[in-house]
Amino acid sequence: MKIGAVRGMRDILPEETPLWQKLEAEIRAAFALYGYREIRTPLVEEAGLFARGVGQATDLVHKEMYVFPDKKGLTLALRPEATASVVRAYIEHGLYAKGGVAKLYYFGPMFRYEKPQKGRSRQFHQYGVEALGSLDPALDAEVIDLAGYLMERLGLPREGLFLRINSIGCKEDRARYREALRDFFTPRAEELCADCRRRLSENPLRILDCKRGGCQPAIRAAPKSTDFLCAECRAHFQEVLAHLDRLGTPYELDHTLVRGLDYYTRTVFELASRDLGAQDALLGGGRYDDLAELLGGPPTPGVGFAGGMERLVLVLRDRAELELAGKLDVYVIPIGEEQEVKRAAVWAASQLRRAGLAVDVEYLGRSVRKATQVASRVARHALFLGPDELAQGVAKLKDLSSGEERPLKLENLGAAFQQKVRARG
RNA sequence: GGGAGCGUAGCUCAAAGGCAGAGCACUGCGCUGUGGCCGCAGGGGUUGCGGGUUCGAGUCCCGUCGCUCCUCCCA
C-alpha cells in the first residue's frame with residue numbers, strides 16, 4: 001500500500017453512489033415539502049464560532065475538532081457540525097430582516113477527530129434543517145414530524161425506530177437544575193465512575209448521559225429536568241407533546257436525554273434505529289433559543305435536527321431493492337483494426353449521444369465475442385461497425401434482450417435509432 | 001483516551017515453521033466478425049509496513065500503520 005485515504009475518511013465508490021443520490025433526492029424532496037430551502041456554508045470556519053456556539057467544554061469542540069492555523073495566524077476549524085455555521089450565515093446576511101420564519105436545510109461533510117467504528121467516521125455526511133425565528137411549540141412538533149415523514153419516505157418501518165424526547169428548559173431552568181444535580185450527586189460521588197466525578201464539577205448534566213452500569217442506580221434516582229421547568233417552558237413542552245399526540249407520533253420520554261452540545265434549550269430529541277449497534281442515533285436535534293444572540297445576532301429562537309447519511313446507508317443498504325443499475329442505451333463495438341472504422345465508431349457514438357442516448361465504446365481492443373458479452377452486461381443494445389458495414393454506410397444494431405439485429409443507416413444515426421426502437425414499441 | 005479481534009490476488013477466503021493456493025472476477029482459445037451455457041489455457045502477489053528469532057517466517061516475537069467491534073461520545 002503506497003498511499004491510502006486518511007484514517008476515518010473513505011471513498012464512496014460508483015457501486016454506492018446511486019444509493020446516496022437516491023437518498024439525497026428523497027431528503028431534498030421531503031425538506032421542500034415542509035418549506036425548507038437549501039443553504040450552503042463553508043466547510044471551514046473560524047474555530048471561535050464553534051467554541052462559542054457549541055461550547056468550549058463539549059467533547060466535540062475541545063477533543064474532536066480539526067483545528068489549524070492559516071497563513072495569517074487565524075485559527076480555523078473544519079466544521080464539526082452545521083448549526084453554528086447556519087446561524088452565523090443567518091446573522092451575517094440579515095436573513096432575520098426578511099421577516100417570517102427562516103427555514104433552511106443543508107447537506108454535506110462534517111469532520112470530527114474520533115476513533116472510527118461502525119457508523120462513526122472522521123469525515124461523515126449530515127443532512128439537517130434549521131427553522132429560525134419562532135418560539136411556537138408547533139414548530140418543534142413540525143420539525144419532529146418532518147423527521148418521521150422522512151423515515152417513512154425512505155421506507156424505514158416505524159417498528160424499527162424509536163423517538164426519545166425530553167426538555168431541558170431555558171437557561172435559568174438549566175442553572176437551577178444543574179445545581180440540583182450537583183446537590184444530589186455530590187453526596188453520592190462514591191457511587192459514580194471517575195468520568196462522572198469529573199463531570200460533577202464541569203457539567204453535571206452529562207452524568208445523565210453516562211452508560212456505565214455502576215452509575216445507573218444513582219442516575220435513575222436523580223432529579224428530572226422536567227421538574228425544574230419554569231411555567232413557560234413547562235407549557236411549551238406540554239404543547240409539543242400534545243402536538244405529537246395529535247399527529248399520532250409515538251415517543252418515549254427520556255429524562256436522561258440531555259445531548260452533548262451546549263446550545264440546546266427546551267426540547268431535545270433523538271430518533272434511533274433498533275437495527276444499528278452502539279451508534280444507533282439516526283438523527284438528533286432540538287431547540288436552541290439563545291444561540292443567535294450568543295453569536296452576536298439579534299435574539300432569535302431556533303429549532304432543528306441533523307441526521308447522519310452513513311447511518312442511513314447502513315440501515316437501508318440491505319433492503320435496497322432499488323433498481324439502481326443504470327444501463328447504457330448503446331455499446332458501440334468497432335470490428336477490426338482499421339482506423340477508418342474506429343473513427344466512424346467514435347463518430348457514431350457522438351451522434352447517438354447528441355440524440356440523448358447513453359453510449360459507450362469498446363476501447364480495449366477485446367475480441368468481438370468478448371465485447372458483445374460485456375455489452376450484454378452493461379447496455380441494452382450493441383452497435384457493430386466493421387469494414388463491411390462502413391462500405392454500405394450502415395451499422396448493425398442488436399437488441400441484447402431479444403437478440404434481434406438490424407442494419408441502421410449511419411446518416412442521421414440518432415433519428416434512425418429512435419425510429420427503430422420506437423417502431424418495435 | 002481505554003479494550004478486543006483481524007490484515008494473504010481486484011473480491012471472498014485457504015495454507016497451523018518447509019515449493020503462496022482455490023473459487024469468483026479478468027484476458028485468450030474451442031467458436032477467424034456477435035452475449036447469456038460449457039470446456040481448456042493464461043495473466044496476475046514486496047502475504048499492510050519495519051525490525052527480530054530461525055538453516056528456513058504468510059505462520060512465532062516486537063514495533064508501526066490500517067480495518068472491524070466494544071467502551072467513550074455522538075450523526
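Reminder, nothing fancy here: chain letters follow the sequence lines and each chain counts from 1. Given the structure is predicted, the values throughout are model-derived calculations rather than measurements.
A gap of 7 Å separates the C1' atoms of B:rA14 and B:rG21, to the nearest Å. Using atom P as the reference point in both B:rA22 and B:rG43, the two lie 12 Å apart (nearest Å).
One finds a side-chain N or O of A:Arg259 lying less than 4.0 angstrom from the OP1 or OP2 phosphate oxygen of B:rA75. OP1 and OP2 of B:rU34 both lie 4.0 Å or more from every side-chain N or O belonging to A:Gln373. At B:rG36, none of the side-chain N or O atoms of A:Ser376 fall inside 4.0 Å of OP1 or OP2 (strictly under the cut-off). Between A:Lys370 and B:rU27 there is a side-chain N or O to OP1 or OP2 distance below 4.0 Å. Dashed line: the shortest gap from a side-chain N or O of A:Arg7 to OP1 or OP2 of B:rC67 is under 4.0 Å. A sub-4.0 Å separation between OP1 or OP2 of B:rC67 and a side-chain N or O of A:Arg10 is absent.
A:Ala375 comes within contact range of no nucleotide atom at all, as no heavy-atom separation falls under 4.0 Å. Among the protein residues, A:Lys398 comes within range of the nucleic acid bases, having at least one heavy atom under 4.0 Å from a base atom.
Of the candidates B:rC74, B:rC72, B:rG35, B:rG35 carries the atom nearest the A:Arg369 side chain, counting heavy atoms from C-beta on. Side-chain atoms of A:Ile335 lie closest to B:rG33 of the nucleotides B:rC74, B:rU34, B:rG33. Here B:rC67 is the nucleotide among B:rC70, B:rC67, B:rA75 with the atom lying nearest to any side-chain atom of A:Pro116. Minimum atom distance to the side chain of A:Phe384 is reached by B:rG33, of the listed B:rG35, B:rU68, B:rG33. Distances were taken from every side-chain heavy atom of A:Pro387 (C-beta onward) to each of B:rC74, B:rG33, B:rC70; the shortest belongs to B:rG33. The listed nucleotides are B:rA75, B:rC74, B:rU34; the one nearest the side chain of A:Glu114 is B:rA75.
Using a 4.0 Å cut-off between charged side-chain N and carboxylate O, A:Glu26 and A:Arg28 make no salt bridge.
Using a distance-only test at 3.5 Å, with no hydrogens or angles considered, a donor-acceptor pair links the side chain of A:Asp329 to the main chain of A:Ala358.
Taking the six-membered ring for Trp and thresholds of 30 and 60 degrees, A:Phe305 and A:Phe269 have ring planes more than 60 degrees apart, a perpendicular arrangement.
If you look at A:Phe31 and A:Tyr105, their ring centroids are closer than 6.0 Å.
Partner assigned to B:rG58 is none, using Watson-Crick or G-U wobble distances below 3.5 angstrom. With a cut-off of 3.5 Å on both pairing distances, the Watson-Crick or G-U wobble partner of B:rC67 is B:rG5. In this structure, B:rG30 and B:rC38 make a Watson-Crick or G-U wobble pair, each of the two defining distances being under 3.5 angstrom. Across all strands shown, B:rG21 is found opposite B:rC13 as a Watson-Crick or G-U wobble partner, with both distances under 3.5 Å.
At least one test fails for A:Arg112 against the ring of A:Phe124: distance under 6.0 Å to the centre or angle within 45° of the axis.
RNA chain B is contacted by both A:Asp388 and A:Arg377; A:Arg377 maps to the nucleotide lying nearer its 5′ end (nearest heavy atom per residue). Where A:Arg206 and A:Leu400 each meet RNA chain B at their nearest nucleotide, the meeting point lying more 5' is that of A:Leu400.
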